Amino acid sequence: MNIDQFAASTALALLWGGASVAAPACTDGAFFNPESPMAACTLIWQAHGKDFRLDYTPAANAAPMQWVVTGAAVQTLPFNDPEFQVPPTLADLDEDGWPDLWRYLGTGNVNSSFEIFHFNPDRRAFVSLGELGGVDIFRDQDGMIVASARESCCAWGVARYRLTGDRLVPQFGLRIESGETDADPVGCAVFSIDQDPLGRPAEPLSIAEIPVLTRQHCTP
């Protein structure tokens, strides 16, 4: 997903098919204005032959916000976020055909952070994967979830995770440095990610794994 899209929310109702609603389509990137609060709107995603529809309702300024997911069960995910009352972004992080919910947390320099809620179709519920940040967050050709962040003018940090069930399990990170011109040498180093996006401790890389990963990912 490109980080030009922002996400946050107040209340959401999840509907499967059914009649259309009068609310207009949501617009990404509209920040909360207390003098002109956002109106209700709807997000629609085509998922496995059905309309996956999320109805968004703004909450009062500074009031606790929540997502209400209805269907097989009712799910409430409360949080307080009065500065960013904008509709959520739907994007399929793991490319399973189901939309995942991206809640915008803020931007520093060129890197933006999101709390990402993975949709579990068996439970018909969103499950928080935790916070990811960077310039880009996507699934790579190996099936890993990658967060690529700018660290300075000439350095990038790349964190790679394996999505297992409803958890992002850290695999390893890369720190890539380049010179000011294409002729300058490029540095690349592999490092352990010490905790997952939910803040739980992660298994560090072994001494034997680092040179193997370095050859695989740092060799031109």
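This one's a predicted model, so the numbers in the text were calculated from it and none came from an experiment. Worth knowing before you read on, the calculation uses all heavy atoms, side chains too, and leaves out hydrogens, waters and symmetry mates.
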(request) Any salt bridge (Lys or Arg N to Asp or Glu O under 4.0 Å) involving residues 187-199? Give me the pairs, sequence neighbours left out, ordered by first then second residue. (result) Arg167-Asp196, Asp196-Arg200
Please tabulate, one pair per line, all N/O donor-acceptor pairs under 3.5 Å involving side-chain atoms of residues 147-156, not counting sequence neighbours.
unit_1: Arg150; atom_1: NE; unit_2: Ser152; atom_2: O; d: 2.8
unit_1: Arg150; atom_1: NH2; unit_2: Cys153; atom_2: O; d: 2.7
unit_1: Glu151; atom_1: OE1; unit_2: Arg175; atom_2: NE; d: 3.3
unit_1: Ser152; atom_1: OG; unit_2: Cys154; atom_2: N; d: 3.4
unit_1: Ser152; atom_1: OG; unit_2: Ala155; atom_2: N; d: 3.3

(request) Go through the steps for Arg123 and Asp166 under the test side-chain contact (heavy atoms from CB on, under 4.5 Å), then give the verdict. (result) CA-CA 11 Å; Arg123 297 166 57 182; Asp166 291 320; 3.6 Å; yes
(message) Would you compute the distance between atom CZ of Arg160 and atom CG of Leu174 and round it to the nearest 0.5 angstrom?
(response) 6.5 Å
(request) Any chance you could measure Leu132, atom CG, to Ser112, atom OG, to the nearest 0.5 Å? (result) 12.5 Å
(message) Would you compute the distance between atom NE2 of His118 and atom OG of Ser128 and round it to the nearest 0.5 angstrom?
(response) 12.0 Å
(request) Identify the two heavy atoms, one from Ile137 and one from Phe114, that lie closest to each other, and give their separation to 0.1 Å. (result) CD1-CD1, 4.2 Å
(message) Could you report the tightest heavy-atom contact between Leu90 and Leu101, atom names first, then the distance?
(response) CD2-CD1, 3.7 Å
(request) Mind checking side-chain contact (heavy atoms from CB on, under 4.5 Å) for Gln195 and listing every partner two or more places apart, or none if nothing turns up? (result) none
(message) The criterion is side-chain contact (heavy atoms from CB on, under 4.5 Å); which residues satisfy it with Asp122, sequence neighbours excluded?
(response) Asn120
(request) Heavy atoms only: give me the nearest Cys218-Ala189 pair and the separation to one decimal. (result) SG-N, 3.9 Å
(message) How close do Thr107 and Asn109 get, counting heavy atoms only, and between which atoms?
(response) CG2-O, 3.6 Å
(message) Restricting to non-hydrogen atoms, name the atom on Ile207 and the atom on Pro211 that form the minimum distance, rounded to 0.1 Å.
(response) O-CD, 3.1 Å
(message) Let me confirm one number: the CG-CG distance from Leu129 to Leu168, rounded to the nearest 0.5 Å.
(response) 4.5 Å
(message) Please report the interatomic distance CG(Asp100) to CZ(Phe117), rounded to the nearest 0.5 Å.
(response) 11.5 Å
(request) Would you give the length of the straight line joining atom OH of Tyr161 to atom CZ of Phe172, rounded to the nearest 0.5 angstrom? (result) 12.0 Å
(message) Under the rule for side chain to side chain donor-acceptor pair (under 3.5 Å), what residues qualify as partners of Thr164, not counting sequence neighbours?
(response) none
(message) The test is side-chain contact (heavy atoms from CB on, under 4.5 Å); show your working for Leu205 and Ile193 and say whether it passes.
(response) CA-CA 8 Å; Leu205 294 172; Ile193 301 172; over 6 Å; no
(request) Please step through side-chain contact (heavy atoms from CB on, under 4.5 Å) for the pair Ile145 and Leu93, ending with a clear verdict. (result) CA-CA 8 Å; Ile145 305 303; Leu93 177 66; 3.8 Å; yes
(message) Tell me every residue that passes side chain to side chain donor-acceptor pair (under 3.5 Å) with Glu203, counting only those two or more places apart in sequence or in another chain.
(response) none
(request) Scan Thr214, Ile176, Val158 and name whichever one has a side chain to side chain contact (heavy atoms under 4.5 Å, CB included) with Cys188. (result) Ile176
(request) Answer with yes or no whether the hydrophobic clustering places Leu213 together with Val169; edges join I, L, V, M, F, W, Y residues whose side-chain heavy atoms lie under 4.5 Å apart. (result) no
(request) With salt bridge (charged side-chain N to carboxylate O under 4.0 Å, His left out) as the test, would you mind laying out the steps for Arg139 and Asp92 before giving the verdict? (result) CA-CA 9 Å; Arg139 179 183 182 271; Asp92 187 0; over 6 Å; no
